[in-house]
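Structure, as structure tokens:
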Amino acid sequence: MQLHKVEVELCLGSACYSRGNGETIDILEEFVHTEALEEFVSLKGRLCTEECARGPCIHLNGTLYTGVLPECAVDLLRYHLQQPETEDEQAVTEPGGSEKTKEENQQP
Amino acid sequence: MKPAIYTEKTECRDCYKCVRECPVKAIRVKNSSAMIDHDRCIFCGRCVHVCPASAKRVRRDLPRAQQLLKLKKRVFVSLAPSFPVYFPAPPEQLIDAFQQLGCAGVSETALGADTITDLQNQHIAETSFPGASSAPGAFGASSVLFSSACPPVVELIRKYYPDMTGNLVPLHSPMVAHGLMLRKFYGEDIGIVFVGPCIAKKHEADQYPDIIDVALSFEEADQWLKTAEIKLPQKPEVVSPSAFSPAPISTFVPVRAGAAQLFPIEGGMKTAMERSSSAPEGVFVQSGIQAIQNSLEAYTRYTGSTHSFCELLACSGGCIDGCGFSSDLPLAERHQKVFASAGSTAQTTDAPEQIIWKVPREHYYRSYSSAPADDTNKYSDQEILEALRRLDKSHPEDLKNCGGCGYNTCRDFAAAWLAGMAEKEMCVTEMRKMAQRKANALIRKIPLGIALIDNEERIVECNARFLSLFCDFPDEPSEEQVTRTYGSPVSNFLDEPQLLQNVLTGRVSKEQILRTDDRVLEAHCFSIQPGRLVGITLHDITTSSVKRGMVVSQAQEVIRKNLSSVQQIAGLLGENAAETEILLNQLIETFDPGNLPNGKRKGEEK
């Protein structure tokens with residue numbers, strides 16, 4: 001299957017970190033390593049997204065996902081790997097700089 | 001990502017129940033914590049059921065399914081044919097409920113099973129049954145074929161009977177086949193959530209992430225509906241056909257499945273196969289992992305030349321008693337429910353050819369790679385004997401084969417220990433012996449009187465020195481004399497009820513000086529089992545304290561004497577110096593020129 005480059009930015013603010021992103025880093029690193037995806041995936045940390053109440057927050061190719069539990073992170077990355085860097089994501093971004101967000105429920 | 005079954009390390013309570021129950025001994029005990037060795041695990045789910053501390057867990061995939069609904073435009077549910085066992089509601093309402101969640105539709109996994117049934121019949125006819133030219137078996141002329149629908153069976157053969165992987169039917173499981181069909185029919189970009197009775201399906205789905213996105217257990221699916229506050233009737237409702245406003249009736253998409261709906265029943269695959277015209281005769285059916293292991297074990301030694309097809313299901317009774325859910329229904333009732341559900345549809349699949357064969361035929365085929373698990377039987381007798389010796393089991397009577405460690409025999413345990421799967425501390429009898437030996441040696445050899453006293457103030461155990469503190473023995477009391485005191489009231493020797501009570505009730509008294517007629521004893525009391533057992537050590541300080549006092553006073557005497565001599569010497573020195581000074585001054589005065597006639601002048605100059 002054709003894979004596409006994905007830039008993953010994990011919020012490492014203390015709220016997101018302790019709510020799951022700490023674990024998510026390890027999971028994603030392991031996934032990228034075992035699947036040999038280093039060429040396609042860049043993993044980065046970032047400062048507080050200021051969405052602490054809806055964390056843990058992860059950006060994939062600039063799209064903000066909130067409430068991403070560690071067990072869901074791999075699926076999310078897999079989805080983006082198969083998703084061409086889409087026109088719509090960039091296009092929909094409003095000029096004011098506010099990002100398009102796909103919200104997650106606060107899952108149990 | 002976590003494996004489908006994992007260990008919550010902090011919960012493990014060191015009981016070895018999982019080791020005992022695991023059919024393939026895939027549990028590695030390290031630092032007293034029982035972890036699943038996933039290279040050995042066949043994902044049968046046994047450990048999850050037996051763990052008394054709930055430390056063995058099935059990965060929860062519900063959040064992933066919920067996320068999938070948000071990521072994919074259309075998500076289809078692949079519903080396993082055992083669903084009537086868990087969901088009493090009629091299928092229409094179940095389908096409706098999933099659609100309310102946001103799923104695009106519900107399809108029967110049995111559609112995949114129908115396809116597999118046909119392909120399997122063809123495969124058997126072509127390859128291994130009488131008239132076939134090539135026998136794929138690795139043993140003799142027998143060409144046995146094993147069904148591949150049950151993932152723990154596939155894993156069992158890949159890992160423990162690697163020579164027989166060639167005897168697995170080279171077809172995908174119904175779940176994967178169904179996934180292929182759905183994607184061909186509805187588009188590659190759909191999401192697929194499998195809902196079924198099986199833990200191992202999660203593991204299988206992990207291996208086919210591009211075909212099956214998430215595999216949920218019935219219980220997780222139920223929770224999914226509950227969190228969305230979608231209620232399912234707990235009893236099948238009779239839907240009146242003459243209702244005033246007939247709601248659109250939800251049905252399985254794209255079509256209903258056929259006879260393969262019987263797959264979850266032991267023998268269901270056989271029945272489905274036999275409903276087709278090209279069915280082989282004499283299909284053998286077996287369920288339950290232990291029975292299957294016995295069969296496979298026998299096949300490793302079998303050299304005959306029969307042709308068999310075996311329908312193998314890891315859970316005894318079939319998927320209707322699957323490891324991924326629990327049900328109070330008697331097995332026969334579950335059987336009945338699946339039959340009733342399947343009976344209401346066509347006998348064979350009514351899936352139009354164009355649905356099944358949209359997927360190229362070869363896509364339904366797969367191959368297996370063997371993944372031999374590290375063989376714990378590989379050690380020589382010599383190595384095992386050496387291991388047993390190092391485990392302190394050198395004598396035949398030490399080989400109790402009690403199974404306390406989880407392994408059936410001490411030899412198995414030794415082999416597992418050599419393989420790094422087990423720890424020495426798992427042998428409870430050995431540990432108890434060791435603890436007793438240590439305690440005995442300590443009590444006997446320590447230069448203190450020791451007694452263990454129970455809550456009725458009776459001596460449970462004491463040592464010889466304890467006795468000789470209270471009774472006059474010409475020699476050290478004998479072992480027999482010591483044991484004779486066990487059970488007698490401690491007040492015969494020591495009358496300190498308050499001290500013992502304080503320790504028994506948890507008010508810890510650290511140490512106390514006890515006086516008997518001619519001795520001073522320093523007593524330390526400590527609790528061993530709160531409220532039930534206390535220990536007391538007694539130290540006779542009479543003799544040693546006198547000696548110690550003497551040393552101190554003599555040292556002080558030496559210091560005192562030393563000081564007084566110094567003082568004396570200093571006094572004499574001072575005296576001497578003063579006397580010398582006086583004498584010298586007198587001499588000076590006598591010879592001082594000032595005392596001569598010009599002496600005054602000198603004084604005037606000043």
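Side-chain atoms are counted along with the backbone in the values below, which use heavy atoms only and exclude waters and symmetry mates. Protein chains get the first letters and strands the later ones, always in sequence-line order, with residue 1 at the start of each.
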Taking atom CD of A:E39 as the centre, does the number of heavy atoms from other residues, nucleotides or ligands within less than 6.0 Å exceed 12? no

Within a radius of less than 6.0 Å around CD of B:E362, do more than 12 heavy atoms belonging to other residues, nucleotides or ligands occur? yes

So do the side chains of A:Y65 and B:L71 get within less than 4.5 Å of each other, counting heavy atoms only? yes

For atom CD of A:E50, is the number of surrounding heavy atoms from other residues, nucleotides or ligands below 6.0 Å larger than 12? no

Closest heavy-atom contact between A:C72 and B:R64? SG-N, 3.7 Å

Can you list everything that forms a side-chain hydrogen bond (donor to acceptor under 3.5 Å, both in side chains) with A:Y17? Sequence neighbours excluded, please. none

Any salt bridge linking A:E71 with B:R60? Criterion: basic side-chain nitrogen under 4.0 Å from a carboxylate oxygen. yes

Residue set satisfying ring pair (Phe, Tyr, Trp, His ring centres under 6.0 Å) with B:Y160, at least two apart, ordered chain then number -> none

Atom pair CD1/NZ of A:I27 and B:K2 - distance to nearest 0.5 Å: 7.0 Å

Side-chain heavy-atom pair A:Q82, B:D189 within 4.5 angstrom cut-off: no

